[in-house]
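Below: one structure, written as structure tokens.
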Amino acid sequence: MAGISRRDFVKLLGTGGAMSALGLTGCETVPKSKAAPRVVVVGGGFGGATCAKYLRIYDPSINVTLIEQNTSFFTCPGSNWVLAGLRKMEDLSQNYSALSSKHGVNVLHGKVTAIDPAKRTVTLSNGKSVEYDRLVLSPGIDFRWNAIEGYDEAASQVIPHAWKAGPQTVLLHKQLQAMQDGGTVIVCPPPMPFRCPPGPPERVSMIAHYLKKEKPRSKILILDAKEGFSKQDLFMDAWNELYPGMIEWVPGSKGGLVKRVDPKTNTVYTNDGMTSHKGDVINIIPPQRAGEIATASGLTNKEGWCPVNQHTFESLMAPGVYVIGDSSSAGALPKSGHTANNIAKMTAASIAAQFRGVKIPLPSIVNTCYSLVGPEYGISIAAVYRLDEKGELVGIKGAGGVSPRTAGSMQRTLEARFAQGWYSGITADTFS
Amino acid sequence: MRKLITLNKAAYCAAAGVAALLSAVAIQAQEISRASIIASTCYTCHGTYGISPGTIPSIGDLSAERMSNMLKEFRSGQRVSTVMGRHASGYTDDEIAEVSQYFSNLQKRGK
Ligand SMILES: Cc1cc2nc3c(=O)[nH]c(=O)nc-3n(C[C@H](O)[C@H](O)[C@H](O)COP(=O)(O)OP(=O)(O)OC[C@H]3O[C@@H](n4cnc5c(N)ncnc54)[C@H](O)[C@@H]3O)c2cc1C
């Protein structure tokens, strides 16, 4: 017994080899040669990191490899708060050390360039390949460059999207800080479906908070591709209360739809290119699609998202491959970190149940999206999703909904605190 | 790691004993059930196993009875909440009983 430290032991379990059968079968029946089932998870964001952790929680005999291209992860949640000066970039940084040391996940840093569902392998950019018995993909989103004429990856270095947190968030933040008082900030949200529907109005709120404090003569113009937005009444009430006269919202049909962008002159064109708006700072949130690896692997439908069996989250395009998080298209589920985290746990249960030969329980998925409108002013939208008779995930009637429009300042303050508590909870549940 | 793989059967058993003492749950496969799925959705806000790292209350230490009473009170509106009423309305009495029992079983296993 002496000589086996807890650390060694955890490491040993991390191999998922014969030892890991101990928990299930006891000492007498340790199979010497039975190979542990192998699950490869691609993408260490809210979906992938959670799935890797919960596969190991559900069944430590599973050998789990998480492949993520970056060594640290900046969360999108909280990135709007950075623009308001309420958080620093380093507060958003998460890493993979607990997944490997505490949960025995093999963390591999690299970029997956191809998957082969027939041979059950994934290939990395360094040419190495990794075999799997089940593959989980959670690569997040990618952008439809040039869907808005002139808005490509190069243009995003001048006009940031800041819809993947990191250098893009820093760029937008710097531009806001450099802007003169009295300037115009233009924010252009995309059509549905996209990552985090309440994200754009939260961003506008956080920019407004900063401007009110530092540059109160400035304005924000929202040129929206849509006709309405998430928690609209709540946001608009709060804007009138906190930032009166500062924010103008233009819906798609009234001239909000952006057709073209010119990064050289910082101008966006609407009304089929007939009307121009010059901004001092412009934030284009481009139309979106499933992460590149999912698209390149032929897992997407014609809308650009990955259809899945909404009970198990197995791809309808490739057996043995599961697509979770923003890339997946699953009934009424919104693309949020919260649902990505919940889908990930359901998928972990679904895969572990199959290895164990037990019935896969029906899914229960929850969403809660908090938005900060001001530092002490929070609002939320919530839902509980179940499978209907057609096998589609739908919101349970009578549950969920948005914060009451008539709520007093007490609820707004509490929800602002819970928004921050939510951040602590989900990041711990995902990464530690 | 490689060294340990060559351990003999006695060492396997010894190792199992150590692990059982150190962390009874860590090496055990966990129940996969409707209750485990529902409980895992609570963890997103309330922390893994209901132990909250932030401003949202911990729920991991509630007794089954207290948890199920609270959820039913949230659901009926008898207990005032910000968001829990909207969540609790999504669950039946049976689901509430099962998930409350699941949390209390976790406590017994030392989580
Ligand atoms: C401004 C903003 C605010 C938001 N706020 C909230 C909020 O308050 N609440 C909420 O619930 N959600 C929020 N979201 C949404 C949330 O960020 C996403 O829904 C969530 O990140 C989706 O998780 P995912 O696992 O699908 O993708 P991601 O979290 O983006 O993870 C994808 C990972 O895959 C990696 N990857 C991709 N391709 C490869 C490859 N080929 N090889 C290796 N690695 C790869 C990426 O590097 C990345 O780490 C917000 C989003 C934005 C933009």
Side-chain angles (χ1 to χ4, degrees), chain A residues 1 4 6 8-13 15 17-20 22-24 26-27 30 54 57-61 338 341-342 345-346 349 352-353 356 358 360-366 368 380 382-384 386 396 398-401 403 411 414-415 417-418 420-426 428-429 432, chain B residues 1-5 7 9-49 51-58 75 80-91 95 99:
Chain A
M1 185 187 304
I4 301 175
R6 181 184 162 79
D8 283 339
F9 197 76
V10 169
K11 261 204 222 152
L12 179 65
L13 294 168
T15 66
M19 280 297 283
S20 48
L22 280 171
L24 287 173
C27 295
V30 172
Y54 277 86
I57 284 183
Y58 270 122
D59 215 325
S61 73
H338 198 116
N341 165 286
N342 277 207
K345 292 169 188 166
M346 183 59 220
R356 203 180 289 177
V358 299
I360 305 169
L362 288 172
S364 184
I365 309 279
V366 164
T368 322
S380 63
V384 183
R386 296 289 168 81
I396 294 184
S403 313
Q411 166 139 3
L414 270 175
E415 292 214 277
R417 300 220 174 117
F418 290 156
Q420 296 163 65
W422 173 88
Y423 185 87
S424 312
I426 192 171
D429 189 39
S432 36
Chain B
M1 190 163 79
R2 191 160 296 138
K3 195 174 74 199
L4 284 166
I5 284 166
L7 288 174
K9 190 168 155 190
Y12 275 116
C13 291
V18 174
L21 285 174
L22 288 173
S23 168
V25 182
I27 62 160
Q28 274 170 23
Q30 292 211 6
E31 160 188 333
I32 302 172
S33 60
R34 174 164 78 168
S36 81
I37 300 286
I38 294 175
S40 76
T41 67
C42 309
Y43 303 166
T44 312
C45 295
H46 293 278
T48 306
Y49 301 120
I51 302 156
S52 173
T55 50
I56 290 179
S58 281
R75 193 176 59 182
V80 177
S81 67
T82 54
V83 77
M84 276 313 298
R86 288 179 265 158
H87 283 303
S89 311
Y91 304 91
E95 288 167 344
V99 78

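Lettering of chains follows the sequences in order, A, B, ..., and the numbering in each one begins at 1. We use all heavy atoms of the structure for the numbers below, so side chains are in, but hydrogens, waters and symmetry mates are not.
For the atom pair CD1 of A/I365 and CD1 of B/I38, the computed distance is 11.0 Å after rounding to the nearest 0.5 Å. In this structure, the separation between CG on A/D429 and CD1 on B/I51 is 11.0 Å, given to the nearest 0.5 Å. B/T82 contributes atom OG1, which lies 6.5 Å from atom CG of A/L414 (distance to the nearest 0.5 angstrom).
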Q.
As a quick check of understanding, evaluate side chain to side chain contact (heavy atoms under 4.5 Å, CB included) for B/T41 and A/K345, giving each step before the final call.
A. CA-CA 8 Å; B/T41 67; A/K345 292 169 188 166; over 6 Å; no
Q: Under the side chain to side chain contact (heavy atoms under 4.5 Å, CB included) rule, what do B/V83 and A/F418 come out as? Steps first, then yes or no, please.
A: CA-CA 10 Å; B/V83 77; A/F418 290 156; 5.9 Å; no
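Of the two parts of A/Y54, only the side chain, counted from C-beta on, holds a non-hydrogen atom closer than 4.5 Å to a non-hydrogen atom of chain B. Looking at B/S36, both its backbone and its side chain come within 4.5 Å of chain A, counting heavy atoms on both sides. Heavy atoms closer than 4.5 Å to chain B are found in the backbone of A/L362, but not in its side chain. Using a 4.5 Å cut-off between heavy atoms, B/H46 does not touch chain A at all. Contacts of B/S33 with chain A are made by backbone atoms alone, with heavy-atom separations under 4.5 Å and no side-chain atom involved.
In this structure, the side chains of A/P361 and B/I32 come closer than 4.5 Å at one or more pairs of heavy atoms. B/C45 places a side-chain heavy atom less than 4.5 Å from the side chain of A/H338. Contact check for B/R86 versus A/T368: no side-chain heavy atoms found under the 4.5 Å cut-off.
The stretch residues 28-42 of chain B participates, sequence neighbours left out, in these salt bridge (Lys or Arg N to Asp or Glu O under 4.0 Å) pairs: B/R34-B/E95, B/R34-B/E98. Sorted by first then second residue, the salt bridge (Lys or Arg N to Asp or Glu O under 4.0 Å) pairs that include residues 36-48 of chain B, not counting sequence neighbours, number zero.
Residue B/A29 comes nearest to A/D59 through the heavy atom pair CB-OD1, 3.7 Å, listed as atom of the first residue, atom of the second, then distance. For the pair A/A349 and B/I37, the tightest heavy-atom approach, listed with the atom from each and the gap, is CB-CD1, 3.5 Å. Residues B/Y49 and A/I57 approach most closely at OH-CG2, 3.6 Å, considering heavy atoms. B/P53 and A/S424 make their closest contact through CG-O, 3.4 Å (heavy atoms, listed as atom of the first residue, atom of the second, distance).
Heavy-atom pairs under 4.5 Å with chain A peak, among B/S40, B/G47, B/G54, at B/S40.
Between the side chain of B/T55 and the backbone N or O of A/R417 there is at least one donor-acceptor pair closer than 3.5 Å.
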